[in-house]
Amino acid sequence: MIVSYKTIGQNIRAARKAAGLTQEQIAEQLRMSQLHFGRLERGERPASLEQIALIAQTLRVPLASLLNGCVMEEDFASEPDDSAQALGKSVAQLASGCSARSRRLMHTLCQAVASSEKLPGGE
């Protein structure tokens, strides 16, 4: 799977502009340099999940909206079992080695995806 930080940056820029903020203003609120924020927004630097979550919180947008469309390639062939149990195991593997904060962010993101994707009547 390939994550496009350029797409994340474009989503950040759109959210920032919709909020009516300049790069300087948002960088100040995030306590980072305008140069660094500009690089994140242009996708020149990869942003951590924690940074993206903080940006989403500061811009008052859902985290999922900043991540929308950022997956460039998905290889589901390696995970043929799409059961909830298999997904849980896969997510657990992804989360191992992550900080507690990142694991909470992953959980929150999974909850957001699940609540937006629920089919009427459940699956």
Side-chain angles (χ1 to χ4, degrees):
M1 175 181 348
I2 300 170
V3 175
S4 169
Y5 290 100
K6 187 172 224 64
T7 299
I8 293 171
Q10 290 169 347
N11 293 340
I12 291 171
R13 176 175 293 186
R16 175 184 58 80
K17 287 186 173 191
L21 296 170
T22 64
Q23 282 188 350
E24 183 178 11
Q25 291 169 322
I26 190 71
E28 184 177 315
Q29 289 180 32
L30 293 166
R31 295 192 171 122
M32 67 174 62
S33 73
Q34 181 180 352
L35 178 65
H36 182 68
F37 181 80
R39 288 177 176 159
L40 293 176
E41 197 175 79
R42 289 187 298 276
E44 294 171 358
R45 297 270 185 202
S48 70
L49 183 57
E50 290 179 10
Q51 285 178 316
I52 298 167
L54 183 59
I55 293 168
Q57 181 182 16
T58 303
L59 292 171
R60 293 181 167 87
V61 298
L63 175 60
S65 72
L66 299 184
L67 299 173
N68 187 36
C70 73
V71 177
M72 301 299 291
E73 178 182 316
E74 296 181 10
D75 182 13
F76 291 111
S78 64
E79 291 290 332
D81 184 358
D82 65 351
S83 69
Q85 186 176 22
L87 175 62
K89 185 176 180 180
S90 177
V91 171
Q93 288 173 343
L94 290 171
S96 68
C98 291
S99 69
R101 186 173 184 197
S102 289
R103 288 191 308 272
R104 286 191 301 273
L105 289 171
M106 292 170 84
H107 182 259
T108 301
L109 182 58
C110 287
Q111 285 178 317
V113 170
S115 67
S116 69
E117 294 289 321
K118 292 277 183 184
L119 296 173
E123 193 174 319

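Excluded from the calculations below are hydrogen atoms, water molecules and symmetry mates; all remaining heavy atoms, backbone and side chain alike, are included.
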Checklist entry - Quick one: does Thr108's side chain get under 4.5 Å of Leu63's, heavy atoms only? => result no
Checklist entry - What heavy-atom pair brings Glu50 and Ser99 nearest, and what distance separates the two atoms? => result OE2-OG, 3.0 Å
Item to check | Inter-residue atom distance Lys17.NZ - Gln23.CD, 0.5 Å rounding | outcome: 9.0 Å
Checklist outcome for this item: dist Ser102:OG -> Leu49:CG (nearest 0.5 Å) comes out at 5.5 Å
Checklist entry - Is the backbone N or O of Leu21 less than 3.5 Å from a side-chain atom of Arg16, with the two atoms forming a donor-acceptor pair by type? => result yes
Checklist outcome for this item: So CD1 of Ile12 and OH of Tyr5: to nearest 0.5 Å the spacing works out to 11.0 Å
Next on the checklist: Check whether Asn11 reaches the backbone of Asn68 with its side chain - one donor and one acceptor, N or O, closer than 3.5 Å.
Outcome noted: yes
Checklist outcome for this item: Shortest non-hydrogen pair, Lys6 vs Arg42, comes out as NZ-O, 3.8 Å
Checklist outcome for this item: Minimal heavy-atom distance between Ala15 and Leu59, with the atoms involved, is CB-CD1, 3.8 Å
Checklist entry - Got a sec: does the CD of Glu44 have more than 12 other heavy atoms crowding it under 6.0 Å? => result yes
Checklist entry - Going by heavy atoms in the side chains, are Leu54 and Gln51 under 4.5 Å from each other? => result no
Checklist entry - To the nearest 0.5 Å, what is the distance between CZ (Phe37) and CZ (Arg31)? => result 15.5 Å
Checklist outcome for this item: Interatomic distance, SG@Cys110 vs CG@Leu105, rounded to 0.5 Å, equals 11.0 Å
Item to check | Gln34 CD: over 12 foreign heavy atoms closer than 6.0 Å | outcome: yes
Next on the checklist: Let me confirm one number: the CG-CD1 distance from Leu40 to Ile55, rounded to the nearest 0.5 Å.
Outcome noted: 5.5 Å
